[in-house]
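Below is one structure, written out as structure tokens; comments come after it.
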2 protein chains.
Amino acid sequence: MTRNDAQTLDHLTTLEDLVSALPPGSVITDPTSMNAYRWDRANDPNAGVPLAVIRVASTEEVQTVIRFAAATGTPVVARGAGSGLSGGSTAVAGGIVLSLDRMKTIEIDPVTRTAVAGPGALNAEVKAAAAAAGLWYPPDPSSYEICSIGGNVATNAGGLCCVKYGVTTDYVLGLTMVLADGRVVRLGGPRLKDVAGLSLTKLFVGSEGTLGIITEVLLRLIPAQRPPTTLVASFPTLDSATDAVLAITRSMRPSMLELMDGVTINAVEDLTRMGLDRGAAAMLIAQSDEPAGHAAVEIGLIEDICTQFGATECYSTDDPDEGEAFIVARRMAIPAVEKLGALLLEDVGVPLPRLGDLVTGIAEISANREVTIAVIAHAGDGNTHPLILLDPTDEAQQERAHLAYGEVMDLAIRLGGTITGEHGVGRLKRPWLAEYLGPDVLELNHRVKNALDPQGILNPGAVLEHHAAR
Amino acid sequence: MTRNDAQTLDHLTTLEDLVSALPPGSVITDPTSMNAYRWDRANDPNAGVPLAVIRVASTEEVQTVIRFAAATGTPVVARGAGSGLSGGSTAVAGGIVLSLDRMKTIEIDPVTRTAVAGPGALNAEVKAAAAAAGLWYPPDPSSYEICSIGGNVATNAGGLCCVKYGVTTDYVLGLTMVLADGRVVRLGGPRLKDVAGLSLTKLFVGSEGTLGIITEVLLRLIPAQRPPTTLVASFPTLDSATDAVLAITRSMRPSMLELMDGVTINAVEDLTRMGLDRGAAAMLIAQSDEPAGHAAVEIGLIEDICTQFGATECYSTDDPDEGEAFIVARRMAIPAVEKLGALLLEDVGVPLPRLGDLVTGIAEISANREVTIAVIAHAGDGNTHPLILLDPTDEAQQERAHLAYGEVMDLAIRLGGTITGEHGVGRLKRPWLAEYLGPDVLELNHRVKNALDPQGILNPGAVLEHHAAR
């Protein structure tokens, strides 16, 4: 009898059965060792103590775990690199944390221009493997060096180049998924067009572990990006910067268009001493990856717009390394602001014309609640990351910070925006989902969830409120 | 009491009730007049005689019709422009044909770079409205002048520029849908990133009227395309042309890469007399829309590859009108071949490395079954349209043609391909869906369908086999 013999698996009813059905060393039950797997970067204070952490190495092992979970009604929280920012991987009391961090294989097929990756492969590792074949996997969350591709797919992660190149779902051609009953399905394939049957691959992207467990990802790659030309522009007010963003995106497709506010600029400058303009209220970083000659023209047009909207200083460079230094500064924004205190990290997005209203409204919330809110934004997408600073030793301030966190989402909803552009709902944002979606769309979400996971064992409490098994 | 008063609608139990709840002239029941709405371009011989054809003008009217259908268990087949090629809009006996052809409004917002369109607006009308604002809606089915945007979304339609610019789903930011119980939901919005809740917008795209009725589409637009440079290359064998395609797509992203085989070339030449190479076994048409200077370089590289793989004649032009003449020739391929007889139109796709095997295998099927099969292809996507010619007066040949139709799909499945790349499953390809998806993925399709349309009133028999109401 093999480990995965169906008859055996039907009789996995105790944790001991499960341990003996998996390779030695797969199951962690020691409380101290489990602590490394109880939280993602949202640090949800309500994380439970799981029954076990299981580090799987194959699709078959995931099936074994899910069959046990289905047989026993045990909740399963899937986990990639644990870099999630919304608590989508927070451990559930008495549940299993299913860690996919060992499933890291990456294969590149240069002929079909695709990558097949295990969910535990890091985004940066996929990018590197693609680059070695002269290809490019575009989606680039700021955390790309530490986040897993499985987590990227689970949250439909975004990043900096999305303003021109789209988000994770645009690059997912296929998925291998283990369903809530332990069956494995392969969806999609290395075909650029396929409309046979419902769009299930797309449905699973962004489902945050609530509909199935991703065990393999098939990604579309494109030819390597051309070396970019970079512009950095300082603005005297936030409004002037967001107005410039609107004027730029109206007619152009820069390959990057990022914003940092004054608090962020100073935090980054504290850390990097690279000479950023500490007096600026906002800074835009734009890149163009048009072919030689044309990038300079595009960046020139963007610079003209910035100047027209009051930029006090513009600096552009076609040296990719020098440009990359500014992008590194942008990517360091969260850790830099984190030096000032603990963070509540927001991810609200609005239609582009409301970007100015959003940042103005955030400033008002900051003033009313007496908490510092640093703002960074994938400005060209209208997707902002207000970083709410709090002192964990000051209970009153902590409470005000949490109120501000909710008010920022309320504001985004009022402006026709979303409560999460790229991080996911997880557990932290779940209380706002109902208001955002409205009762009918929320009910539609529950209907699909119940159809695919009728027992409610997959990541219960993430995205949607947990309903008891039917 | 208004027309849409809920109490009234709960009591719509006869067609007379429905007629009186809708504006005069909405409901067609005269058999001759209904004939114009019983078939799409698949000309399904099994089309039924519907109870009524209803031409709706608003989301509210769609709700009225669906509430009647839900209350009475009446099947509803939604219909845009009737240009579908797989029988997704074939009328069902005793059902309602819900024609959305009157819902044609188009509004362009240049600031968010979006279009809001009624499902009955033609693809060409959306393109024209976008162009008037200096913007571009890329997806371009060959039928773009006669197909509706609602049908494009319902089938996740492709086209010629998809090889670089993606398919319909990549441009759908939001949908207004009437669900199977008559509720209306708005999904998504003018936000470039949004991961709040399950990816329902993406699920509805490509669902062919089986999950809900599209009453409004929110589309992402991009800046106008640059004028393209065009290359036409003739090849002595199909293999040499498909080998060239592989070599091109490996390192480049042309904005178009189309193939026509010898039968098609001659049929088009018969119609256009534009001087195509009648002796060629295959012709590739490639375009580059890179910026000035760079397009010539890209087309030069593609020409080098074509020559290297044995192209006997290459002709390139940077005159957009001259280039467009070749594209028009390509778009005329289906009507041109149709002059030779009735057509069974295929839509199979394979991973690019199997494109050569696919066209070779199709030639074998053609020889074995003694039917002419002309092949055109969105070659850069691996998506082919074998056109199986038949003489409707020759019953034996007709039977052989239908056998060939199935064998082409069987071949595609064997080669790791799909039975439909961009036309949809509809009713014509439904018998092959189970083999393509396998039992588990098929069951997953049914589960989602049952969750969203438990009565099975929405387009029963399209995509999935109709299961009786639960």
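Per chain, numbering begins at 1; letters A, B, ... match sequence-line order.
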Proximity breakdown for [X] and chain A, heavy-atom pairs closer than 4.5 Å:
{"X": "B:L187", "answer": "side chain"}
{"X": "B:R220", "answer": "side chain"}
{"X": "B:R250", "answer": "both"}
{"X": "B:T201", "answer": "neither"}
{"X": "B:V441", "answer": "both"}
{"X": "B:R186", "answer": "backbone"}
{"X": "B:E443", "answer": "side chain"}
{"X": "B:S207", "answer": "both"}
{"X": "B:V163", "answer": "neither"}
{"X": "B:N156", "answer": "both"}

Exam field: side chain A:N445 to backbone B:L198, donor-acceptor pair closer than 3.5 Å: yes
Under 3.5 Å donor-acceptor, B:H378 side chain and A:K193 backbone: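 Answer holds: no.
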Residues of residues 168-179 of chain B within contact distance of chain A, non-hydrogen under 4.5 Å: B:T169, B:D170, B:L179
Ion pair check, [X] and [Y], cut-off under 4.0 Å:
{"X": "B:D347", "Y": "A:R191", "value": "no"}
{"X": "B:R226", "Y": "A:E290", "value": "yes"}
{"X": "B:R447", "Y": "A:D181", "value": "yes"}

Under 4.5 Å from any heavy atom of chain B - which part of A:L221: neither
Choice from A:L352, A:V185, A:I419 maximising heavy atom contacts with chain B below 4.5 Å: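 Most pairs with chain B among the choices: A:V185.
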Partner chain B: residue of A:P110, A:G293, A:G382 with the largest heavy-atom pair count (under 4.5 Å): A:P110
Shortest non-hydrogen separation from A:V425 to B:A196 and the atoms involved: CG2-CA, 3.7 Å
Test side-chain contact (heavy atoms from CB on, under 4.5 Å) applied to A:S199 - qualifying residues, sequence neighbours left out: A:K202
